[in-house]
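Working notes, beginning with the structure itself.
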Amino acid sequence: MEIYCNHKALLEKACEYSKKLNIDDSDAIIHIYKLPPSFRQKAIIEHQKPELYNKPRLKIYVKFDSERYISLAHEMVHAKQIIRGQEIDENEAYMLENTLDNDH
């Protein structure tokens, strides 16, 4: 897995979450960006159609507020679901986000 982010702490958390989710050995590429403050959401994930690329490519946007690590954890659960070809499951993401981010 390749994870890119200009914010060191967020990059480190994403790497930690990918290990906890057992997706760190996948061939996915994830870019993490700051979500503009004008967005109402805490975070969003985008992904290209798998048939267009030979490896999953995802973009995660996170609002830089006090809940940014929980938001990142939530989106990393969705990244796992996408990488494994599963349906997006909000219940699983809400259930696991606090487990992943057990520092807060």
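Not measured: the values here are computed from a predicted model.
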Handout entry: Donor-acceptor contact below 3.5 Å, side chain Y61 vs main chain E46
Key = no

Exercise for the section: Hydrophobic side-chain clustering at under 4.5 Å (ILVMFWY, transitive links): who's grouped with Y94? Put none if nobody. Expected result: none

Table please: side-chain donor-acceptor pairs of residues 1-8 below 3.5 Å, with sequence neighbours left out.
residue : atom : partner : partner atom : Å
E2      : OE1  : Y4      : OH           : 2.4

Practice task
With the side chain counted from C-beta on, respond yes when L58 and I83 share a heavy-atom pair under 4.5 Å apart, and no when they do not.
Solution key: yes

Practice task
Evaluate the side-chain proximity of M76 to S18: yes if any heavy-atom separation is below 4.5 Å, no if none is.
Solution key: yes

Problem - Hydrophobic cluster identity match, M95 and Y17, side-chain contacts under 4.5 Å - result: no

Handout entry: Flag side-chain contact, heavy atom, 4.5 Å: E90 against H78
Key = yes

Problem - Shared hydrophobic cluster, Y69 / F64 (ILVMFWY, side-chain heavy atoms < 4.5 Å) - result: yes

Handout entry: S71 OG to L10 CG distance, which is reported to the nearest 0.5 Å
Key = 9.5 Å

Problem - CD on E87 to CD on Q81, rounded to 0.5 Å - result: 9.0 Å

Completion exercise
Rounded to the nearest 0.5 angstrom, the CD1-OH distance for I60 and Y33 is 11.0 Å

Handout entry: pair K42-H74: side-chain heavy atoms closer than 4.5 Å
Key = no

Problem - Inter-residue atom distance L35.CG - I44.CD1, 0.5 Å rounding - result: 5.5 Å

Handout entry: Pairwise side-chain contact, V62 with L72, heavy-atom cut-off 4.5 Å (strictly under)
Key = yes

Just list the side-chain donor-acceptor pairs under 3.5 Å for residues 21-32, sequence neighbours left out, or say none.
residue : atom : partner : partner atom : Å
S26     : OG   : I23     : O            : 3.0
S26     : OG   : A28     : N            : 3.4

Practice task
Could you tell me whether K63 atom NZ has more than 12 heavy atoms of other residues or ligands within 6.0 Å of it?
Solution key: yes

Problem - Point-to-point distance, once rounded to the nearest 0.5 Å, from NZ of K19 to CG of L100 - result: 13.5 Å

Practice task
Any chance you could measure K34, atom NZ, to R68, atom CZ, to the nearest 0.5 Å?
Solution key: 9.5 Å

Handout entry: H47 side chain reached by R57 side chain, heavy atoms, under 4.5 Å
Key = no

